[in-house]
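Source: prediction; values computed, not measured.
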Number of protein chains: 4
Amino acid sequence: MKRNKPKYMQIVDAAVIAIAENGYHQAQVSKIAKQAGVADGTIYLYFKNKEDILISVFQEKMGIFVENLQAIIKSGETSSEKLGKMIENHFHVLSSDRHLATVTQLELRQSNKEIRLKINAILKEYLILLDQILIEGMLNGEFNQTMDVRVARQMVFGTIDEITTSWVMNEYRYDLMEQAPKIQQLLINALKA
Amino acid sequence: MKRNKPKYMQIVDAAVIAIAENGYHQAQVSKIAKQAGVADGTIYLYFKNKEDILISVFQEKMGIFVENLQAIIKSGETSSEKLGKMIENHFHVLSSDRHLATVTQLELRQSNKEIRLKINAILKEYLILLDQILIEGMLNGEFNQTMDVRVARQMVFGTIDEITTSWVMNEYRYDLMEQAPKIQQLLINALKA
Amino acid sequence: MKRNKPKYMQIVDAAVIAIAENGYHQAQVSKIAKQAGVADGTIYLYFKNKEDILISVFQEKMGIFVENLQAIIKSGETSSEKLGKMIENHFHVLSSDRHLATVTQLELRQSNKEIRLKINAILKEYLILLDQILIEGMLNGEFNQTMDVRVARQMVFGTIDEITTSWVMNEYRYDLMEQAPKIQQLLINALKA
Amino acid sequence: MKRNKPKYMQIVDAAVIAIAENGYHQAQVSKIAKQAGVADGTIYLYFKNKEDILISVFQEKMGIFVENLQAIIKSGETSSEKLGKMIENHFHVLSSDRHLATVTQLELRQSNKEIRLKINAILKEYLILLDQILIEGMLNGEFNQTMDVRVARQMVFGTIDEITTSWVMNEYRYDLMEQAPKIQQLLINALKA
DNA sequence: TATGAATGAGACTTCATTCAT
DNA sequence: TATGAATGAAGTCTCATTCAT
């Protein structure tokens with residue numbers, strides 16, 4: 001299993017840095033290899049092609065969001081609290097790694113449709129967990145029981161994503177974490193029964 | 001002024017079609033020229049370079065949104081009604097032109113950071129109008145007077161944008177206009193005093 | 001029609017020289033372009049890819065053999081004389097253009113199976129004409145009427161080809177044309193009734 | 001002496017299979033190693049480089065032809081009979097090992113000029129034996145005493161080689177051995193006094 | 001002897017842009 | 001204005017070979 005070998009994550013991390021610092025189209029395989037401290041050819045012992053690196057970046061990093069969110073869901077609080085914690089977690093992960101934030105919010109979106117479809121498939125796992133929170137809240141009476149879950153999920157994710165992207169495009173000029181309470185309030189207001 | 005000559009819009013429209021049909025990275029200048037019925041070189045009599053075509057596409061098409069929204073704002077209804085009409089207008093324009101929807105929601109986002117910054121600058125005009133609606137609603141007591149306008153605007157725009165993008169990625173399988181009332185309800189709920 | 005434009009043959013001829021002088025695997029597209037006095041990209045206005053250049057080389061040059069052989073067949077002599085003239089023509093064309101001889105006898109044979117299959121298809125036209133001579137000779141009683149035409153054709157072509165290849169591999173050290181009468185005699189002896 | 005160690009022939013045989021099954025350019029050292037059941041690096045304990053493997057393949061396999069032909073020459077029959085037996089032997093060896101036939105007739109010819117020169121040097125031993133048969137036949141009056149031995153040899157070898165190559169390119173669709181009598185007749189006719 | 005992970009040079013092709021007509 | 005043939009820079013990936021174990 002390639003993913004367990006040390007160089008796999010070494011290259012994934014190098015890709016994040018290379019893409020963040022050079023931009024998607026200027027992050028040539030040779031730059032990623034140099035950043036990772038390996039030869040160009042070594043990349044291809046761990047990844048099928050350049051596309052595979054990019055998808056792996058998203059996959060590995062998205063894993064952090066998903067794992068944290070799974071823990072949040074199990075935490076046995078109210079649905080509103082879970083939603084709030086999800087937003088905090090999302091902002092926290094990206095606040096702590098600006099390279100990653102730049103890559104996921106700006107650079108990786110420049111990839112072609114094929115890659116973006118694969119990225120979306122990975123994202124789906126995260127969105128399913130979000131749906132869980134929403135449905136749970138509807139069932140336990142916290143959230144509006146007549147709302148359309150898909151639309152609600154798109155509102156929540158769209159809001160989080162837009163806020164994060166703006167923060168990156170504004171070059172992290174303000175504190176992303178500080179935005180969390182305001183958004184929580186707005187979204188919970190929108191959803192509440 | 002180049003913009004008033006007939007071939008200017010002819011090329012802009014051709015670009016929308018070429019990009020929608022071939023994808024951003026496969027919409028070479030020669031394809032746009034062919035679609036417009038002009039020679040490759042002619043493009044450069046009207047546009048500085050390829051980037052200039054793409055920005056012009058966004059600029060010309062965004063104008064429709066802005067003009068409509070200006071009319072909506074002047075319509076003298078409640079802020080909630082204005083917000084609702086804005087959403088309807090947004091969905092209506094994109095529903096009526098799937099090529100344009102594909103281009104703005106999917107393809108143009110593959111452009112590099114520089115182009116997207118310019119696109120964002122054009123978008124700003126639209127967002128300022130949205131801010132106007134929100135502030136007006138806060139002043140007249142319809143909306144929560146303590147909310148952060150920027151965050152509220154990002155929620156509204158992020159939600160609209162995410163819903164539209166999902167609709168395009170799902171290949172227009174459902175009716176976008178039908179989503180409007182649900183979103184209006186959620187968003188007005190979120191914002192209301 | 002690309003083939004009628006002057007640069008088409010210019011590139012084909014440059015390819016023969018570049019391959020003869022550098023060897024098949026060292027005849028990069030950039031070398032062919034340089035030899036032809038055009039930019040690398042210009043090659044791709046006339047040829048689909050590198051493979052297409054190589055096949056075109058064979059096709060265009062093989063045309064000379066075929067045209068000459070067609071004239072020989074029409075010349076109204078005995079079948080033996082036609083066979084003799086075919087051999088002379090074959091040797092004459094390659095004697096007069098050592099670059100071409102090197103390319104067809106040595107270099108082009110290093111190409112992959114796909115290219116070689118296409119080359120063989122082109123060669124087929126030549127071999128069909130050879131079959132015509134043989135069959136005619138069998139019908140008019142000059143050649144053995146019980147022989148297997150395919151085997152006879154393979155003997156004639158195999159002999160010519162082996163002699164030419166040896167001549168090239170021996171770096172043209174002897175006069176190829178001088179070999180013709182000896183081969184004519186042997187082959188006509190083999191075939192005669 | 002490396003050649004006597006068991007892994008030497010193991011690798012040579014693996015190379016024949018790997019090249020026959022994958023084609024010359026797709027028979028990477030790693031594939032040959034895998035087919036031989038050894039590590040890539042082990043190859044280099046027995047062979048100087050990849051070229052050395054290919055030449056060794058030809059050398060080892062050519063040995064069969066040469067040994068058989070030496071026995072035929074010693075068999076004390078007429079020169080015509082010896083020539084006939086040579087053809088039969090040639091066809092028999094390749095008929096019995098289609099992998100080998102594919103490799104010698106098609107794949108190995110894709111190698112570069114340098115390798116083919118070395119292969120030709122190995123082939124020379126075989127051709128010298130063929131010359132022996134021809135000269136003997138000329139001296140004892142069976143064959144035409146005025147013919148050019150080199151040309152005659154090229155005719156015989158060129159014919160055999162062309163017939164075998166065609167058989168391989170036609171994917172062994174007909175019986176190679178059945179061709180032998182026809183060729184014997186044609187060639188002996190060509191050579192006879 | 002044997003392994004196999006790591007190396008790194010090298011080439012085909014695309015496409016935005018130019019400029020002679 | 002309009003044309004379109006020509007330009008040429010630039011990047012992904014393969015694979016023979018090495019060498020530490």
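Counted within 6.0 Å of CD on C/Glu125, heavy atoms from surrounding residues, nucleotides or ligands total 12 or fewer; the atom is thus considered open.
Of the candidate nucleotides F/dT14, E/dA16, F/dT7, F/dT14 has the atom lying nearest to any side-chain atom of A/Tyr44. With E/dT3, F/dG8, E/dC12 as the candidates, the nucleotide lying closest to the side chain of C/Ala39 is F/dG8. Distance from the side chain of D/Asp40 is smallest to E/dG4 among E/dG4, F/dC13, F/dG4. For A/Leu45, whose side chain is taken as the heavy atoms from C-beta onward, the closest listed nucleotide among F/dA6, F/dT3, E/dA6 is E/dA6.
Atom CD1 in B/Ile11 sits 12.0 Å away from atom CD in B/Glu60 (nearest 0.5 Å). The distance from the CD1 atom of A/Ile115 to the CG atom of A/Asp52 is 9.5 Å, given to the nearest 0.5 Å. For the atom pair D/Lys61 NZ and D/Leu100 CG, the distance stands at 6.5 Å (nearest 0.5 Å).
Checked by atom type and distance alone, the side chain of C/Glu107 never pairs as donor or acceptor with a backbone atom of C/Ala20 at under 3.5 Å. Under the 3.5 Å distance criterion, the side-chain polar atoms of D/Arg109 are matched with a main-chain donor or acceptor of D/Thr104. Although no hydrogens or angles enter the test, the distance criterion places a donor-acceptor pair under 3.5 Å between the side chain of A/Lys31 and the main chain of A/Gln26.
The side chain of A/Tyr46 contributes an N or O atom lying less than 4.0 Å from OP1 or OP2 of E/dA6. Distances shown here put every side-chain N or O of A/Gln26 at or beyond 4.0 Å from the OP1 or OP2 atom of F/dA10.
By the 30° and 60° cut-offs, the orientation of the rings of D/Phe47 relative to D/Tyr8 is parallel.
Comparing B/Ala27 and A/Ile43 by the nucleotide of DNA chain E that holds the closest heavy atom to each, the one mapping nearer the 5' end is A/Ile43. Residues D/Lys50 and A/Lys48 each lie close to DNA chain F; by heavy-atom proximity, the contact nearer the 5' end of the strand is made by A/Lys48. With the nearest nucleotide of DNA chain F identified for both D/Asn49 and C/Gly41, C/Gly41 has the one nearer the 5' end.
Spacing between F/dT21 and E/dT1 at atom P, rounded to whole Å, works out to 22 Å.
With sequence neighbours left out, the side chain to side chain donor-acceptor pair (under 3.5 Å) criterion links A/Lys118 to A/Glu51.
For DNA chain F, the stems formed by at least three consecutive Watson-Crick or G-U pairs, with both atom-pair distances below 3.5 Å, span E:2-21 with F:2-21.
For B/Asn112 and E/dA16, the CG to P distance is 13 Å, given to the nearest whole Å. One interatomic measurement links the two molecules: CZ of B/Phe47 to P of E/dT17, which rounds to 13 Å at whole-angstrom precision. With rounding to whole Å, A/Tyr8 atom OH is found 17 Å from E/dA5 atom P. Atom CG in A/Asp52 sits about 14 Å away from atom P in F/dT12, given to the nearest Å. Across the protein-nucleic acid pair, C/His25 atom NE2 and E/dC12 atom P stand 11 Å apart, rounded to whole Å.
Tested against A/Val103, the residues A/Leu108, A/Leu54, A/Val168 include a single side chain to side chain contact (heavy atoms under 4.5 Å, CB included) partner, A/Leu108.
Looking at residues 28-36 of chain C, you'll see C/Gln28, C/Val29 sit with a heavy atom under 4.0 Å from some atom of DNA chain E.
At the heavy-atom level, A/Glu51 lies nowhere under 4.0 Å from the strands shown. Within 4.0 Å of D/Lys7, counting heavy atoms only, lie sugar-phosphate atoms of the nucleic acid but no base atom.
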